[in-house]
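None of these values were measured; they are calculated from a predicted model. One is the number of the first residue; the rest follow in order along the sequence.
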Amino acid sequence: MLKVNSLSLKYDNTTIIDDITFNVEKRSITTIIGPNGCGKSTLLKALSKNKKINKGSIVINSTNIEQASPKALAKKVSILPQNPIVPNDFTARDLVEYGRYPHLGWTGRLKKHDYEIIDWAIRKVRIEHLQHRKVMTMSGGERQRAWIAMALAQQPEFLLLDEPTTYLDICYQFEVLELIKKLNKSINLTIIMVLHDLNQAARYSDKIIIIDKGKIYNEGSPQETITKKALEEVFNLKVKILNDTENNCPFFIPLSSNLGYYDDCIKDSETKQEVEKYSKLTKKAI
């Protein structure tokens, strides 16, 4: 189990995450959602010890991560950031091999056992035919699979993913999320991820944590968290909630935004005149 206790995180003197507590059960998929700037990515960095903790603790299997060495923690936790960078000459196999470094001895050399795990990770994400291609020449979905294979080669208990579907078209988004779900079930990998697409979060998560203004607004199953009240109060959306009977989860249809930027804009008389002027010019052009 991963336990977050009274955690606070800051950048300079600004509090980003403010005194939050939650647990992540092993072999589950937990998704963190929330509006831009609420602290989702910052929290994920802290879980992997890539962000200093200002208050509280993060405990994995009774071990406080502050006391764990980077190498020891890398055997338990693997993180894929939003925009991972790889050298231009790296092949997919080179990248996956890099995932074995936390397990190497003092010589730093790969052994037969390491190569077997690398081959297994490549097969698991189905990129055998791509393993000798340079990563920079691969499509977004193919690259994401290669990065996930690298994470698998670490043999972690927890895989942290920061917006794994960003910049992917809908087909690759589905493919990556299906792969994540398959890995969770087939090798009991515990997943913690940040997603922007709330319908995808509802479909692929056992538990959802909603962060708003640095605090936990709500946490629980998709049915408990993806509600009209939450989407209106946290995301400023009026929605219709429906039930996906095929996947046993809620999904929503946006009806309108509560932000009211456009309404406020056209109330201004000067702006309204500009809108009317533009409309007349557009009609003439047509």
Side-chain angles (χ1 to χ4, degrees), residues 16-18 20 22 28-44 82 140-141 144 161-178 180-181 191-283 286:
I16 306 299
I17 293 294
D18 187 11
I20 68 172
F22 65 89
S28 66
I29 298 179
T30 298
T31 302
I32 302 167
I33 64 174
N36 289 339
C38 70
K40 303 184 298 294
S41 295
T42 300
L43 175 56
L44 213 62
Q82 285 185 41
Q144 199 68 299
L161 301 159
D162 194 355
E163 298 182 34
T165 58
T166 299
Y167 308 127
L168 300 182
D169 63 36
I170 189 64
C171 176
Y172 285 123
Q173 289 179 30
F174 177 78
E175 186 179 63
V176 167
L177 289 170
E178 283 293 313
I180 290 167
K181 181 179 179 180
I191 309 290
I192 305 173
M193 60 182 173
V194 169
L195 286 179
H196 267 305
D197 189 310
L198 308 188
N199 281 329
Q200 289 179 349
R203 175 169 175 174
Y204 289 98
S205 307
D206 299 307
K207 178 179 180 178
I208 292 175
I209 299 173
I210 303 177
I211 303 289
D212 187 32
K213 301 180 179 67
K215 290 184 174 291
I216 293 180
Y217 172 87
N218 194 11
E219 62 176 305
S221 68
Q223 288 81 0
E224 293 169 323
T225 52
I226 303 300
T227 64
K228 285 185 178 181
K229 184 173 183 288
L231 295 179
E232 184 163 351
E233 293 183 352
V234 177
F235 297 95
N236 293 297
L237 278 177
K238 289 184 178 179
V239 302
K240 182 177 183 179
I241 302 286
L242 302 171
N243 183 45
D244 180 350
T245 55
E246 184 77 19
N247 297 289
N248 190 30
C249 66
F251 72 99
F252 72 91
I253 300 172
L255 300 177
S256 64
S257 167
N258 288 339
L259 292 176
Y261 288 151
Y262 179 74
D263 292 339
D264 290 343
C265 176
I266 63 173
K267 285 176 185 175
D268 182 274
S269 60
E270 187 175 326
T271 306
K272 191 173 182 179
Q273 289 174 5
E274 289 297 319
V275 171
E276 290 173 351
K277 181 180 178 181
Y278 176 76
S279 297
K280 290 178 181 178
L281 289 172
T282 303
K283 288 179 181 178
I286 294 171

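Within the structure, salt bridge (charged side-chain N to carboxylate O under 4.0 Å, His left out) pairs that include any residue of residues 226-247 comprise K229-E233 (at least two apart or interchain).
Without hydrogens or angle criteria, D169 side chain to C171 main chain gives a donor-acceptor distance under 3.5 Å. In terms of modelled atom types and a separation under 3.5 Å, the side chain of Q223 and the main chain of N248 share a donor-acceptor contact. The main-chain N or O of D162 is never found under 3.5 Å from a side-chain atom of Q82 such that the two would form a donor-acceptor pair.
Shortest non-hydrogen contact noted between P35 and V234 is CD-CG1, 3.5 Å. Closest of all the heavy-atom pairs between L198 and F252 is CB-CE2, 3.5 Å. Closest approach of G220 to E224, counting heavy atoms only: CA-OE1, 3.3 Å.
Legend: residues meeting side chain to side chain contact (heavy atoms under 4.5 Å, CB included) with A202, ordered by chain and number and at least two apart, are P222, I226, P250. T30 is linked by a side-chain hydrogen bond (donor to acceptor under 3.5 Å, both in side chains) to nothing, counting only residues two or more places apart in sequence or in another chain. Partners of L177 according to the side chain to side chain contact (heavy atoms under 4.5 Å, CB included) rule, which considers only residues two or more places apart in sequence or in another chain, are T165, I180, M193, L195, Q200, Y204. Taking the salt bridge (Lys or Arg N to Asp or Glu O under 4.0 Å) definition, one finds that E163 meets it with nothing, sequence neighbours left out.
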Under 3.5 Å, side-chain donor or acceptor atoms of residues 205-213 against the rest of the protein: list the pairs with distances, not counting sequence neighbours.
from: S205; atom 1: OG; to: T31; atom 2: OG1; distance (Å): 2.5
from: S205; atom 1: OG; to: A201; atom 2: O; distance (Å): 2.6
from: D206; atom 1: OD2; to: I29; atom 2: N; distance (Å): 2.8
from: K207; atom 1: NZ; to: N23; atom 2: O; distance (Å): 2.7
from: K207; atom 1: NZ; to: E219; atom 2: OE1; distance (Å): 2.9

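A distance of 5.0 Å separates CD1 of I17 from CG of L43, quoted to the nearest 0.5 Å. The distance from atom SG of C38 to atom CD1 of I16, rounded to the nearest 0.5 Å, is 10.0 Å. The distance from atom CG of L161 to atom CD1 of I191, rounded to the nearest 0.5 Å, is 6.0 Å.
Under the 4.5 Å side-chain criterion, counting only non-hydrogen atoms from C-beta, T227 is not in contact with I241. Contact of the F174 side chain with the R203 side chain is registered, since non-hydrogen atoms from C-beta on lie closer than 4.5 Å.
The 12-atom threshold is not exceeded at NZ of K181, counting heavy atoms of other residues, nucleotides or ligands nearer than 6.0 Å.
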